Each structure stands twice: as structure tokens, then as C-alpha cells.
Amino acid sequence: MYLAIQEAIGRKYIETVRGLFGLEAGAPAFDIPPHAEMGDLSLAAAFELAKKLRRAPRQIAEELARGILPVEGVRRATVAGGGYVNFHLDRARVARALFHERSGLSGASQLRPGKVLVEHTSINPNKAAHIGHLRNAVLGDVFARLLGFRGYQAEVQNYIDNTGVQVADVVAGFLYLEQKSAAEVQALVKDSGTRFDYYCWDLYAKVFRHYEENPEGLARRAETLQAIEENQGEAARMAQIVSTAIVKKHLATMLRLNIEYDLLVEESEILRLDFWKAAFEEMRRVGAVRQATAGKNAGCWVMSLNEAGEEEEDVKIIVRSNGTVTYVGKDIAYHMWKFGLLGKDFTYAPFERYASGKTLWRTTAEGRDGAPSFGHASQVYSVIDTRQTYLQNVVVAALKAMGHEEAAAHLHHFAYEVVGLSPGCAEELGFELSAEDRERSYVEVSGRKGLGLKADDLMDRLVEKATEEVRSRGMSDDPAEQSAYGRMIAVGALRYFLSKFSRRVVIVFDFKEALGFEGETGPYLQYSAVRARNIFRKYAETHAGFEAGGLGDEISDAELGAGFEGEDGQAFWQLASLAAQLDLVAEQAIAAAEPAVTAKYAFRLAQSFNNFYHRYHILSEPDPGRQKFLLFLVALASATLAQTLDILGIEVPERM
RNA sequence: GCGCCUGUAGCUCAGAUGGAUAGAGCGGCAGACUUCGAAUCUGUAGGCCGGGGGUUCGAAUCCCUCCAGGCGCGCCA
């Protein structure tokens with residue numbers, strides 16, 4: 001709601017400035033005044049105009065306030081402070097329009113042209129997922145949901161590096177440390193007595209210890225990697241078995257958290273289709289890379305990273321002197337494909353069908369009909385941790401060097417900080433820490449050392465705790481229902497916990513904080529939504545045929561207007577106007593690529609609702625007109641909260 | 001050495017595009033359940049916004065500088 005009103009005021013502002021002062025102004029910036037009584041939207045533009053016009057800002061503000069009105073949805077404009085213009089919205093009108101929007105009757109945001117591609121998760125398929133991977137997936141998932149909410153076509157891709165060194169390390173472990181054949185590994189995958197992804201977690205750490213003690217083993221690692229890349233022999237067969245089994249585990253883990261994907265992009269298919277060759281040819285053709293003939297990089301194909309005018313040359317090796325391509329080179333090819341700039345494409349096959357009805361596709365080299373069109377994005381967001389910033393910048397530089405300026409500008413590194421463990425938490429998990437580590441504020445997780453908190457272990461622990469809470473509070477006698485609620489609450493707690501921090505801060509994981517269900521947590525939000533629904537359920541018991549969705553037709557403009565009058569009306573409006581800000585908040589979250597903005601908003605809204613809930617008792621309200629108004633308000637808050645929780649991927653249980 | 005990020009209440013963090021009296025959760029203290037179930041609400045204490053300069057009508061926010069911490073900078077990924 002707020003967005004539309006801002007745009008309308010903005011248009012009138014530009015006209016007014018032209019008419020009154022003969023100046024061409026841009027779209028103005030709006031603020032929300034610090035106190036609700038001051039108004040709903042404020043404009044500080046008079047201060048800047050004052051400088052240009054050499055006049056008092058307050059006077060200019062008064063002229064603006066008179067000139068901008070009338071605007072639909074705005075009742076009046078006042079001037080405050082040194083020169084703020086504050087707009088007071090037509091409360092009844094805004095509330096009604098919002099009610100219709102939330103009922104899906106109007107205001108569904110239009111589908112926008114172009115596709116936004118979000119790549120997230122992209123875990124090496126060689127061991128179980130850990131808490132850091134969950135942060136990546138939750139951030140990416142919330143961001144994709146935000147895009148969908150605002151009418152963008154979002155496509156979610158999960159990149160599977162099934163031919164990389166991490167898979168090779170586990171394969172080498174099976175082959176040489178455990179002397180297992182591909183068939184035996186396959187049997188292990190099928191064995192219901194072992195968790196294959198956990199088994200590989202331990203094996204990967206074991207392989208690393210082995211390399212440390214036996215550096216000569218590194219030769220075998222190289223051999224294994226090469227065999228996998230060339231799709232030759234036992235190692236390649238085993239890599240296929242390992243990576244596919246682990247990917248399935250990762251998908252199952254993510255599904256527990258309500259995370260789904262559109263497409264799995266497999267590196268093996270990128271190799272098979274010679275994507276890199278096509279990218280390399282173009283890079284050579286346009287002179288983005290050159291072969292070094294002397295110096296330490298002799299024989300390598302390198303790309304210059306210098307801006308014009310820099311003296312010392314900074315180069316990145318793209319192709320090694322032995323002719324093999326580096327990781328960043330492959331990434332350049334993949335990103336060219338994302339934008340449809342490669343001139344090559346995959347074919348696709350279904351990987352699995354989600355219970356939601358959505359089909360997850362995977363890339364293949366052998367053609368198949370009936371797949372949707374993937375790639376060809378106009379905007380790309382790659383959710384990758386902040387330590388890879390340098391490499392992401394290299395990819396952008398490569399696009400620029402090839403003349404793809406627009407793609408370079410539309411490739412966004414969605415960078416986020418890692419999840420560390422507090423030293424106490426690491427020790428609780430049974431890891432021995434050095435004296436130095438114990439002094440640190442957090443310990444970095446390390447797959448190589450096997451140090452980390454596995455995603456499913458954390459989830460299990462949360463579900464157990466939440467289910468116990470449900471049981472002890474007597475919400476349900478049915479064990480199946482108890483565990484269903486427990487699961488929803490656990491997911492709510494975890495998803496909110498991973499969404500509420502801004503991307504750039506390190507999350508120091510601690511059980512006490514993450515396992516909490518009170519205060520600023522997911523369960524608090526769920527509880528608020530349940531409370532709102534309970535009011536309707538209870539009300540319907542004595543009012544047969546009651547539907548919250550019908551309130552919009554039952555309440556008159558006069559009743560709505562009267563409800564927002566006076567001191568109580570001010571408090572009611574505070575809740576309603578906050579609910580009306582969701583679209584503004586979602587746009588801000590997208591512009592800043594910051595899901596936390598939405599999480600914080602959900603909390604503020606829930607807090608505002610709980611405060612209202614406590615102060616006004618609806619079912620015992622004697623005045624039927626006022627009761628209807630209060631029910632209307634609950635419907636607004638409830639629908640908005642539900643919508644926001646949906647963006648956060650958090651479900652609401654029937655009872656709490 | 002070069003580059004990027006971070007520094008706000010005891011702890012963990014919000015404060016987009018510079019804007020009105022710097023906020024929240026947890027923890028502390030004091031209160032509120034015969035009600036739409038307290039996984040809740042109310043009140044209270046707690047701040048040289050890392051230090052110092054500058055730009056501006058106005059700076060937690062922009063610029064410079066210093067300090068502290070983290071992360072990058074490989075013919076690894």
C-alpha cells in the first residue's frame with residue numbers, strides 16, 4: 001500500500017516543484033516519522049530546496065504541503081520541525097484497500113518482465129550439510145520468495161560440483177584407504193543402517209589426516225581427480241554414486257526446512273558439453289585473455305585485472321600451463337550461460353517431483369523434450385560466502401573484458417558471512433580446542449577437520465525440544481500432531497534465527513541462543529499468528545457462518561473511519577499502518593538483497609499485534625460495532641503476518 | 001604489504017537512500033494469568049554510536065586519519 005501512495009505523492013511533488021519554483025526535481029526520498037501522531041510519511045526535501053532557492057525551509061515546506069495535495073489516499077499534510085512535510089493518510093481508505101489486497105481481491109503485484117536467477121546452496125556433494133550451508137540456503141530461499149512476492153519471475157539453481165577435488169578426496173578415501181569398489185560403495189548407500197552423508201563426513205576428515213601424514217598420497221588424489229574429470233574407470237563411476245547419493249541427502253535436509261529448487265546444474269555436464277571451450281574461444285577472440293610468454297606465469301593464459309592507469313600489473317591465471325582450466329574459468333563459463341551469452345545450452349531431465357507438485361530438473365547432455373527454459377536471466381544473484389568475493393570480482397571483470405557490460409552490472413554477489421561455533425559450543429560437540437582457539441570469539445567450521453555442526457543433527461535436536469514443549473503445554477494429545485507441530489516450530493525457530501542477522505555479520509552459533517523459543521524468535525511470530533486465528537475460531541463458535549474474509553463487506557466507511565478516531569484509534573492505526581508497509585519493506589529487502597529486513601519487520605508486526613491483543617479484548621467487547629472493527633483489524637494483522645511468514649518460509653501450526 | 005568487511009547498552013544485534021528525542025531481544029530489577037491459553041504483556045535501570053579531524057542547516061550513517069578484530073590476495077576449490 002505504502003509504495004503506491006509514495007509514488008502518487010512523488011509525482012505530485014515533481015509537478016509542484018516545477019510549478020512553484022521552476023525546478024526539475026527527481027523522485028523524492030520518504031521517511032516514516034519518528035512518532036505516529038506526526039503523520040505517516042514525511043518528506044525532507046524542503047531542506048535541500050532551501051539551499052537552491054536561498055529561502056527558509058519552513059516556508060518552502062508550507063508551500064509544498066499546499067501544492068502537493070490533493071493526492072488520493074492522503075487526507076492532509078502538515079509542516080513540522082524546521083521544514084518537514086508530513087502526510088497523514090486517509091486511514092479508512094487505506095485500511096479497506098489493504099484488506100482487499102490481502103484477500104487477494106486486488107493489488108496482486110504484476111508480473112515483471114525478465115527473469116531473476118538465484119543460485120544458492122551449491123554444497124560440495126561429498127559429505128553432510130552443516131549449519132553454514134543452512135545459512136546460505138535459507139538466505140537464498142527467502143530472497144527467492146521475496147522476489148516472487150513482488151512479482152518477479154525467480155529461478156532457483158543449485159550448482160553441483162560433482163567433478164571437483166572434494167568429491168575426489170572422498171572417492172580416493174573409499175578406493176585407497178578403505179579398499180572399496182564402486183559396487184561396495186553403492187551397497188553402503190543402500191544400507192539403511194548407515195547414514196551415507198555422515199559416513200562421508202568422517203571419511204573426508206580421515207582422508208585429510210592421511211594426506212598430512214603421507215604427503216605422497218597427494219599424487220593419487222590428482223590421479224583420481226583426473227579420472228573423474230575425464231569420466232574414466234572405477235573412480236568416475238564411484239564419483240557418480242557418491243555425489244548423487246549425497247545430493248539426495250542434501251535435498252532431503254533442505255526440504256525439512258521447506259527449501260525447494262528449480263534446477264540442479266551439474267559440473268559434469270558443463271564439462272561434457274565443452275562450455276569452457278566456448279567461453280575460452282570468446283575470451284581469446286576479444287582479447288580478454290593472453291598467453292604469458294615469460295616470467296613466473298609463462299605458458300599460462302591470464303586475464304588482467306587492472307583498471308586503466310594502474311602501474312603494477314595484477315593478473316589472474318585462467319588456464320594453467322598444462323592446459324587445464326582453473327575454478328574461476330569454469331565459473332566464468334557458467335555465468336555466461338546464466339545470462340544466455342554462451343551460445344550453448346544444456347538439455348534437461350526431471351530429477352524428482354516435490355510433494356508440492358513442483359518438478360526439480362537437472363542438466364543433462366542427452367536431449368529430452370518437455371523441459372522449461374532455464375537460464376537467459378536478466379538479473380543474477382549468486383549466494384556465496386564472503387570469502388569468495390575476490391573470485392566473484394574476477395568473474396565480473398571477465399564479463400566486462402568481453403564487452404558484456406550489462407551482464408557484469410547485473411551479476412550480484414550475494415555475499416554473506418560464515419557461521420562459526422562459540423568455543424563452548426565446539427567443546428560441547430566433543431571437539432578438542434587449542435588454547436588459542438578457546439580464546440577466540442568463535443571457531444571456524446572445517447570440513448577437513450570434521451569440525452562442524454551437521455544440519456540434520458541440529459534439526460533433530462530442535463524438533464525434539466519443540467515437540468517436548470508442545471507435549472508439556474498440552475496443545476494436543478495426538479502424538480502425530482505433536483510431532484507435526486514440533487517440526488513446524490523447530491523449522492520456524494531455525495529459519496528465523498538464520499534470517500534475522502544481516503548478511504555481513506558472522507553468526508556465532510550457540511545452542512542456548514538458537515534453541516530459544518522466546519523473545520525475538522520464529523516461535524514468537526508463529527504464536528502471534530496462532531493467537532489471531534484463535535480469535536476467529538472462538539468467535540465462529542458463537543457466530544455460525546462467520547468468515548474473516550467477509551468483514552470487508554460488512555463494515556462501512558463510516559464505521560472504519562470512526563474506529564480510527566481518538567486515542568484508541570491512534571493505537572489501532574499504528575497496527576494497520578504497519579501492516580500496510582509490507583510492500584515497502586519487501587522492496588527494500590530486495591534492493592539491499594537483505595532478507596533480514598523482512599525478518600525484522602515480521603517481528604515488529606508481531607510485537608505490535610501482541611501489544612494490541614493484550615490491551616483490547618475482542619470477544620468480550622460489548623459494543624457490536626466496535627467489535628466488528630476490532631475483528632477487521634485482527635484480520636488485517638493476521639493476513640499480513642501470514643503473508644510475511646510465508647516469505648520467510650515459516651509455517652504456522654493450528655495450535656500453540 | 002595490498003584489498004574487502006566489521007566496531008552501537010553487560011551480551012547478541014537493528015538503525016536502506018544523511019533527517020526529528022539512537023532502538024530491540026536476551027540478561028537484571030519491579031509488576032500483570034478465573035478472560036481471545038503467559039511461547040505473552042507492562043514498567044525500570046543501562047549509551048564519549050572504537051578514538052580524532054572534516055563536509056553539511058543536520059552525521060551512528062559521507063570523506064580523511066588512527067586503533068582493534070575478522071577475511072581475502074595460489075598454475076587449490
Side-chain angles (χ1 to χ4, degrees), chain A residues 28-31 33-35 38 42 44 47-48 50-51 56-57 80-84 86 124 161 164-166 292 296-302 312 314 316-324 326-328 330-331 385-391 393 415 417-418 420 440-442 444 466 469-470 473-475 489 493 500-508 510 512-513 516-528 530-539 585 587-589 591-592 594 596-597 599-600 603-604 607 610-621 630 634 655-656:
Chain A
F30 290 91
D31 284 294
H35 294 287
M38 298 168 107
S42 88
F47 294 105
E48 273 183 58
K51 225 181 307 178
Y84 295 95
N86 290 334
N124 274 301
D161 185 4
V165 285
Q166 292 216 23
K296 57 177 182 169
N297 297 331
C300 298
W301 287 86
V302 299
E312 211 168 317
D314 185 15
K316 176 73 193 166
I317 291 166
I318 305 296
V319 177
R320 302 183 189 102
S321 55
N322 68 4
T324 58
T326 58
Y327 162 79
V328 78
K330 288 186 244 180
D331 221 27
D385 80 59
T386 183
R387 293 174 300 189
Q388 298 206 35
T389 301
Y390 169 70
L391 292 171
N393 289 342
E417 264 294 354
V418 296
R440 288 172 154 261
S441 58
Y442 69 94
E444 199 180 351
E469 288 284 329
V470 170
R473 286 165 200 268
M475 293 309 144
I489 291 164
K500 75 173 177 179
F501 298 94
S502 66
R503 289 188 282 134
R504 294 185 196 289
V505 308
V506 174
I507 297 181
V508 180
D510 187 82
K512 206 168 127 238
E513 207 192 332
F517 296 156
E518 285 166 20
E520 195 195 337
T521 65
Y524 175 91
L525 304 178
Q526 293 169 311
Y527 183 65
S528 312
V530 169
R531 277 180 142 181
R533 282 213 304 235
N534 281 348
I535 296 173
F536 293 134
R537 199 179 53 216
K538 201 87 180 202
Y539 185 78
V585 168
E587 283 297 324
Q588 189 185 320
E594 188 60 273
V597 170
K600 292 283 174 189
F603 179 65
R604 273 193 299 145
Q607 214 175 23
N610 277 324
N611 175 282
F612 160 81
Y613 176 94
H614 187 258
R615 271 174 71 184
Y616 302 96
H617 201 269
I618 292 147
L619 296 183
S620 62
E621 171 58 47
L630 293 175
V634 173
R655 290 169 187 278
M656 258 181 97

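Naming: A, B, ... by sequence-line order, numbering from 1 per chain. What you see is a predicted model, and the numbers here were worked out from it, not measured in a lab.
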Exercise. Just call it for A:Asn124: base, sugar-phosphate, or nothing, with non-hydrogen atoms closer than 4.0 Å on any strand.
Key: nothing
Exercise. For B:rG52 versus B:rA60, give the span between their P atoms, rounded off to a whole number of Å.
Key: 13 Å
Practice problem: Would you mind classifying the nucleic acid contact of A:Ala599 as base, sugar-phosphate or nothing, using non-hydrogen atoms under 4.0 angstrom? | Solution: nothing
Exercise. Check every strand shown and say whether A:Tyr442 touches a base, only sugar-phosphate, or nothing at a heavy-atom separation below 4.0 Å.
Key: sugar-phosphate
Practice problem: Would you mind classifying the nucleic acid contact of A:Asn534 as base, sugar-phosphate or nothing, using non-hydrogen atoms under 4.0 angstrom? | Solution: sugar-phosphate
Quiz item: Are A:Asn534 and A:Arg537 close enough that a side-chain donor and a side-chain acceptor fall under 3.5 Å?
Solution: yes
Quiz item: Of all the choices, B:rC41, B:rC73, B:rA20, which nucleotide is nearest to the side chain of A:Pro33 once you look at every atom?
Solution: B:rA20
Practice problem: Remember a base hit wins even if backbone is also touched, and classify A:Arg473 as base, sugar-phosphate or nothing at under 4.0 Å, heavy atoms. | Solution: base
Quiz item: Who are the side-chain contact (heavy atoms from CB on, under 4.5 Å) partners of A:Lys330, not counting sequence neighbours?
Solution: A:Glu229, A:Glu267, A:Val325
Exercise. Kindly label the base of B:rC29 as syn or anti, based on whether its glycosidic torsion lies within 90° of 0.
Key: anti
Exercise. Using the six-membered ring for Trp and the full ring for Phe, Tyr or His, decide whether A:Tyr84 stacks on the six-membered base ring of B:rA20 (centres under 5.5 Å, planes under 30°).
Key: yes
Quiz item: Distance between the P atoms of B:rG23 and B:rU44, in whole angstroms?
Solution: 13 Å
Self-check item: Residues A:Phe517, A:Tyr527; criterion ring-ring contact (aromatic ring centres under 6.0 Å, His included); working and verdict
Solution: CA-CA 10 Å; A:Phe517 296 156; A:Tyr527 183 65; over 10 Å; no
Practice problem: Name the nucleic acid region contacted by A:Gln588, choosing base, sugar-phosphate or nothing; use a 4.0 angstrom heavy-atom cut-off, strictly under. | Solution: base
Self-check item: Identity of whatever pairs with B:rA39 - Watson-Crick or G-U, under 3.5 angstrom
Solution: none
Quiz item: Now, which nucleotide makes the Watson-Crick or G-U wobble pair with B:rG10, with each of the two distances under 3.5 Å?
Solution: B:rC26
Practice problem: Nearest whole angstrom, please: distance from the C1' of B:rG19 to the NZ of A:Lys51. | Solution: 12 Å
Quiz item: When all nucleic acid strands are considered with a 4.0 Å heavy-atom cut-off, which category describes A:Phe47: base, sugar-phosphate, or nothing?
Solution: base
Self-check item: Between P of B:rG23 and NE2 of A:His35, the distance in whole Å
Solution: 8 Å
Practice problem: Would you mind pulling out the nucleotide paired to B:rC62, Watson-Crick or G-U wobble, both distances under 3.5 Å? | Solution: B:rG54
Quiz item: Taking the same atom, C1', in B:rU8 and in B:rA68, what whole-Å distance lies between them?
Solution: 15 Å
Quiz item: Can you find a donor-acceptor pair, distance only, under 3.5 Å between A:Thr521 side chain and B:rA39 base?
Solution: no
Practice problem: Describe, in one word, how the ring planes of A:Phe47 and A:Tyr84 are oriented to each other, choosing from parallel (under 30°), tilted (30 to 60°) and perpendicular (over 60°). | Solution: perpendicular
Quiz item: How far, in whole Å, is B:rU6 from B:rU61 if one measures between their P atoms?
Solution: 13 Å
Quiz item: Just checking A:Val508: base, sugar-phosphate only, or nothing, at a heavy-atom cut-off of under 4.0 Å?
Solution: nothing
Exercise. With heavy atoms under 4.0 Å as the rule, sort A:Ala44 into base, sugar-phosphate or nothing.
Key: base
Self-check item: Sugar-phosphate, base or nothing in reach of A:Val506, heavy atoms under 4.0 Å
Solution: sugar-phosphate
Quiz item: How long is the line joining CD of A:Glu518 and C1' of B:rA24, in whole Å?
Solution: 16 Å
Quiz prompt | Position toward the 5' end of RNA chain B (nearest nucleotide), A:Tyr616 or A:Ser502 | solution = A:Ser502
Self-check item: Nearest listed nucleotide, side chain of A:Arg440, among B:rU12, B:rA14, B:rG70
Solution: B:rG70
Practice problem: Give A:Phe603 one of three labels, base, sugar-phosphate or nothing, depending on what nucleic acid heavy atoms sit under 4.0 Å from its own. | Solution: sugar-phosphate
Quiz item: For the base of B:rC75, is there a side-chain donor-acceptor partner from A:Ser321 under 3.5 Å away?
Solution: yes
Quiz item: Just checking A:Ala29: base, sugar-phosphate only, or nothing, at a heavy-atom cut-off of under 4.0 Å?
Solution: base
Quiz item: At under 4.0 Å between heavy atoms, what does A:Lys296 touch on the DNA or RNA strands: base, sugar-phosphate, or nothing?
Solution: base
Quiz item: Taking a pair as Watson-Crick or G-U wobble with both distances under 3.5 Å, which nucleotide is matched to B:rC71?
Solution: B:rG3
Quiz prompt | Side-chain donor/acceptor of A:Asn86 to base of B:rA20, under 3.5 Å | solution = yes
Quiz item: Base, sugar-phosphate alone, or nothing: which one does A:Gln607 contact when heavy atoms must sit under 4.0 Å apart?
Solution: sugar-phosphate
